[in-house]
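The next block holds one structure in the form of structure tokens; read it before the comments.
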Amino acid sequence: MRTEGDTWDINTSVGSTAVFVAAARALAGRRPEPLAVDPYAEVFVRAAGPEWADLLDGKVTEHSLLDPGFGASFQTFQEARTRYFDDYFAAVMAAGVRQIVILAAGLDARAYRLPWPDGTIVYELDLPPVLEFKRQALAANGDKPRADRREVPVDLREDWPKALREHGFDPAAPTAWLVEGLLPYLPADATDQLFDNIERTSAPGSRVAIEELGKQPEPAGTEVEQPESVVAARSDWESLVYNEQRPDAVRWFTARGWHAEGISLPDYLESLGRKTAVASDSVQLMPSLIGLTTAVRPAS
Ligand SMILES: C[S@@+](CC[C@H](N)C(=O)[O-])C[C@H]1O[C@@H](n2cnc3c(N)ncnc32)[C@H](O)[C@@H]1O
């Protein structure tokens with residue numbers, strides 16, 4: 001269960017979800033014709049502990065990420081969202097935006113992976129132990145960022161715009177924000193506050209990309225029985241999220257004069273020619289409740 005002001009490191013509570021999604025990215029990148037490849041995901045997963053390395057090395061057979069229903073769909077979900085947000089950043093670079101803020105960066109390696117133009121600054125916000133694990137794992141692997149990467153160790157339930165400014169953030173420059181894999185871990189009112197902070201800290205010409213997750217319905221009792229590993233993973237995850245109705249990002253930003261567009265995960269996959277790549281909601285993934293949104297604040 002979550003509590004106010006709770007904290008974690010990379011292997012506990014919400015921190016461990018960063019490893020879980022990195023493992024899904026690493027596994028998805030090995031499949032034929034992946035939608036996105038993140039070579040750093042494997043570096044992080046191996047550094048997270050031997051049980052994670054065993055998963056990548058095929059020494060584990062019972063794991064929710066290997067399940068042909070849930071696991072395959074979850075891998076597709078992760079590679080799809082990686083692709084969507086990588087494309088978002090390609091548009092950001094083309095638009096000349098050079099100030100990037102990744103909220104709840106976790107094990108996002110875009111500062112190392114994407115071809116940032118000279119002068120780009122990438123701010124990464126997360127709890128201190130998560131950022132520390134990330135820095136150590138990549139340094140041990142000899143990796144260097146491709147932008148001016150700045151860590152901002154902060155709890156996103158606190159005054160993070162202040163922390164961002166203290167690390168050099170320029171509120172007068174257009175910013176590209178990323179909110180990926182974060183909202184379910186914040187209470188609904190904190191989501192509203194987060195959007196508000198982004199809006200108030202965004203100069204004209206700023207952009208934001210957001211992954212949304214709708215409120216999950218209560219189990220109907222008619223669900224197809226799942227393997228133990230999937231049931232356990234689901235129950236662990238449920239104990240970490242706030243299953244609440246959140247503001248709709250397209251509506252929220254449109255109401256404030258931004259140009260916003262959203263697409264559901266199934267529709268996005270269909271647009272990529274992968275219509276049947278995620279299994280139906282009965283495998284407890286709820287793809288229809290996952291949305292990908294981009295909004296642009298007009299330059300003038
Ligand atoms: C599922 S991971 C996603 C990480 C990354 N964005 C990605 O997509 O790979 C969730 C991340 O949110 C971070 N997080 C959640 N709540 C947070 C909070 N209140 N303050 C700072 N970080 C938070 C966790 O530490 C973790 O790194």
Side-chain angles (χ1 to χ4, degrees), residues 2-29 36-45 47-48 64-65 74-75 77-86 88-89 100-114 122-135 137-138 151-164 176-194 197 208-213 233 236-242 244 246 265 290 292:
R2 299 292 308 282
T3 52
E4 210 182 313
D6 55 350
T7 184
W8 50 82
D9 61 27
I10 198 66
N11 283 314
T12 57
S13 179
V14 182
S16 63
T17 67
V19 184
F20 192 83
V21 295
R25 283 199 291 271
L27 292 169
V37 176
D38 174 2
Y40 297 95
E42 180 154 348
V43 176
F44 293 130
V45 174
S64 60
L65 284 175
F74 194 82
Q75 289 182 39
F77 164 31
Q78 294 307 306
E79 63 174 349
R81 82 181 198 191
T82 302
R83 168 77 166 265
Y84 179 89
F85 295 122
D86 281 1
Y88 160 73
F89 279 125
I100 313 300
V101 180
I102 304 181
L103 298 164
L107 304 178
D108 178 318
R110 289 188 175 90
Y112 295 76
R113 195 164 60 69
L114 298 186
V122 179
Y123 295 93
E124 295 191 2
L125 282 64
D126 209 301
L127 290 195
V130 174
L131 291 174
E132 191 166 327
F133 167 83
K134 180 178 192 171
R135 185 180 345 106
L138 292 179
E151 294 181 7
V152 185
V154 68
D155 190 318
L156 292 163
R157 293 162 292 187
E158 292 169 3
D159 187 359
W160 57 263
K162 178 167 173 275
L164 196 51
W177 306 87
L178 177 61
V179 183
E180 179 187 21
L182 167 63
L183 297 185
Y185 307 104
L186 293 178
D189 55 350
T191 304
D192 203 53
Q193 183 68 49
L194 187 97
N197 278 328
V208 62
I210 302 168
E211 181 204 350
E212 295 179 88
L213 181 67
D236 286 350
W237 183 75
E238 279 174 351
S239 71
L240 299 176
V241 297
Y242 294 90
E244 297 171 1
R246 298 188 163 68
L265 177 65
I290 297 164
L292 301 165

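Counting convention: from 1, in listed order, for ligands and their atoms alike. Quick note: numbers below take in every heavy atom, side chains included, and nothing from hydrogens, waters or symmetry partners. Computed from a predicted structure; not experimentally measured.
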**Report entry** Result of checking R25, R83, R110 against D38 for salt bridge (charged side-chain N to carboxylate O under 4.0 Å, His left out)
**Finding:** R25
Is [X] in contact with ligand 1, taking contact as a heavy-atom separation below 4.0 Å?
X	value
R81	yes
W8	yes
L178	no

Can you list the atoms of ligand 1 that are under 4.0 Å from a heavy atom of [X]?
X	result
V154	20 (N), 21 (C)
V21	9 (O)
G181	1 (C), 2 (S), 3 (C), 10 (C)
V14	15 (C), 24 (C)

Hey, looking at [atom], which of [options] has the closest heavy atom?
atom	options	value
atom 11 (C) of ligand 1	D126, L182, L125	D126
atom 9 (O) of ligand 1	K134, R25, R2	R25
atom 5 (C) of ligand 1	A18, A22, A105, P153	A105

Query raised in the report: Minimum heavy-atom separation for A109 to F44, with atom names?
Result: CB-CE1, 4.1 Å
Would [X] count as being in polar contact with ligand 1, using the rule that some N or O on each side must be under 3.5 angstrom apart?
X	answer
D108	no
D155	yes
L156	yes

Requested in this report: Validate the cation-pi geometry between R81 and F77: distance from NZ or CZ to the six-membered ring centre under 6.0 Å, angle to the ring axis within 45°.
Outcome: yes
**Report entry** Nearest neighbour in protein (non-hydrogen) for atom 12 (O) of ligand 1
**Finding:** A104 CB, 3.3 Å
Query raised in the report: Looking at atom 1 (C) of ligand 1, what's its closest protein heavy atom, distance included?
Result: T17 OG1, 3.2 Å
Query raised in the report: Would E124 and K134 pass as an ion pair if we require N to O under 4.0 Å?
Result: yes
Query - Residues E212, R246: salt bridge by 4.0 Å N-O rule - result: no
Query raised in the report: Parallel under 30°, tilted from 30 to 60°, perpendicular over 60°: which one fits the rings of W160 and W177?
Result: perpendicular
**Report entry** Full working for side-chain contact (heavy atoms from CB on, under 4.5 Å) between D155 and L127
**Finding:** CA-CA 6 Å; D155 190 318; L127 290 195; 3.8 Å; yes
